[in-house]
Amino acid sequence: MKEIFMKEALKEARKAYNKDEVPVGAVIVKDNKIIARAHNIKETKHDTTCHAEILAIKKASKKLEAWRLEDCEMYVTLEPCSMCAGALIQSRMKKVYIGTMDYKTGACGSVLNLLQDYTFNHKVECETGILKEECEEILQKFFKELRLRKK
């Protein structure tokens, strides 16, 4: 099941890629059903907070009419940043599945680990490396093309 849901997150990442956005996608699952999906639209909306994770949390909260997402799991193609890791904690997300790690700004185990290393009132379980190669590939392709365009 993990790979199936991460493939859905990758579909969202491709949507971001096609919009010239950093290709990150996220889906939120409850009772083995996707209840929310989103991708980065930070450039499109000119809004720093429009990360896939934040948008998916907002959609899931609206659908469930609750801010607590205790019985939900997120699948995200790239390790969440500190803003998104904070949102995972605040939303009481049960678990996050990560495709690939972000060794520059990741906050779920690479640069720092907000999900586990601090005494917050909620701990989010975390599993990494789900479809790692596919998640890395789309990001590498995007940034390679971006560098070529800038030359």
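- Using bins of under 30°, 30° to 60° and over 60° for the plane-to-plane angle, the ring pair Tyr97/Tyr75 lands in the parallel bin.
- The list of salt bridge (Lys or Arg N to Asp or Glu O under 4.0 Å) pairs with a residue in residues 10-21, not counting sequence neighbours, reads Glu8-Lys11, Glu12-Lys15, Glu12-Arg37, Asp20-Arg149.
- Here the closest non-hydrogen pair linking Ala38 and Ala52 is CB-O, 3.5 Å.
- Within the hydrophobic cluster formed by Ile, Leu, Val, Met, Phe, Trp and Tyr side chains joined at under 4.5 Å, directly or through other members, Trp67 stands alone, with no partner residue.
- Looking at Ile98 and Lys132, their side chains never come closer than 4.5 Å, going by heavy atoms from C-beta outward.
- In this structure, Lys94 places its NZ atom where only 12 or fewer heavy-atom neighbours from other residues, nucleotides or ligands lie under 6.0 Å away.
- Side chains of Leu10 and Cys135 form a contact here, defined as non-hydrogen atoms less than 4.5 Å apart.
- When side chains are defined from C-beta on, Met1 counts as touching Asn32, because their heavy atoms get closer than 4.5 Å.
- Counted by atom type alone, Tyr17 and Glu145 present one or more donor-acceptor pairs between their side chains at under 3.5 Å.
- Side chain of Asn113 to main chain of Leu115: a donor-acceptor pair is present (N/O by atom type, distance under 3.5 Å, no hydrogens or angles).
- With Asp31 contributing its side chain and Lys33 its backbone, the two residues share no donor-acceptor pair below 3.5 Å.
- Taking all atoms of both residues into account, the shortest heavy-atom contact from Met101 to Cys108 is CE-O, 3.9 Å.
- The closest side-chain heavy-atom distance from Leu131 to Glu134 is below 4.5 Å.
- Residues Leu114 and Ile89 have side chains in contact (heavy-atom distance under 4.5 Å, counting atoms from C-beta outward).
- Judged purely by atom type and a 3.5 angstrom limit, Asn40 has no side-chain atom pairing as donor or acceptor with the backbone of Ala16.
- Residues Val111 and Tyr103 are not in side-chain contact: their nearest non-hydrogen atoms beyond the backbone lie 4.5 Å or more apart.
- Annotation for Gly99 and Met6: closest pair N-CE, 3.4 Å, computed over non-hydrogen atoms.
- Between Phe5 and Val27, the shortest heavy-atom contact is O-CG2, 3.6 Å.
- Using a distance-only test at 3.5 Å, with no hydrogens or angles considered, a donor-acceptor pair links the side chain of Glu79 to the main chain of Ser110.
- Of the inter-residue distances, the one linking Gln140 atom CD with Lys144 atom NZ reads 9.5 Å to the nearest 0.5 angstrom.
- Summarising the geometry, atom CD belonging to Glu43 is positioned 10.5 Å from atom SG belonging to Cys50; distances are rounded to the nearest 0.5 Å.
- Distance alone, capped at 3.5 Å, places no donor-acceptor pair between the Asp102 side chain and the Leu78 backbone.
- Residues Val29 and Leu55 do not share a hydrophobic cluster, defined by chaining ILVMFWY side chains whose heavy atoms lie under 4.5 Å apart.
- Residues Leu88 and Ser91 come closest through the heavy atom pair O-OG, 3.1 Å.
- With hydrogens and angles ignored, the 3.5 Å screen pairs no side-chain donor or acceptor of His51 with any backbone N or O of Pro80.
- Not one N or O on the side chain of Ser61 forms a donor-acceptor pair closer than 3.5 Å with the backbone of Lys58.
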**OP:** Begin from the C-alpha positions of Cys126 and Thr128 and carry the test side chain to side chain contact (heavy atoms under 4.5 Å, CB included) through to its verdict.
**Re:** CA-CA 7 Å; Cys126 183; Thr128 64; 4.0 Å; yes
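- Checked by atom type and distance alone, the side chain of Thr77 pairs as donor or acceptor with a backbone atom of Gly25 at under 3.5 Å.
- At distances below 3.5 Å, not a single donor-acceptor pair connects side-chain atoms of Gln116 with backbone N or O atoms of Lys123.
- Note that CE of Met93 is 11.0 Å distant from CG of Asp71, once rounded to the nearest 0.5 Å.
- Contact record, Ile130 with Lys2: CG2-O, 3.8 Å, taken as the closest heavy-atom pair.
- Looking at Glu127 and Lys95, their side chains come closer than 4.5 Å, going by heavy atoms from C-beta outward.
- Both Ile34 and Ile57 belong to a single network of hydrophobic side chains, linked directly or stepwise wherever heavy atoms of I, L, V, M, F, W or Y lie under 4.5 Å apart.
- Counting only heavy atoms from C-beta outward, the side chains of Met83 and Ile54 approach each other to under 4.5 Å.
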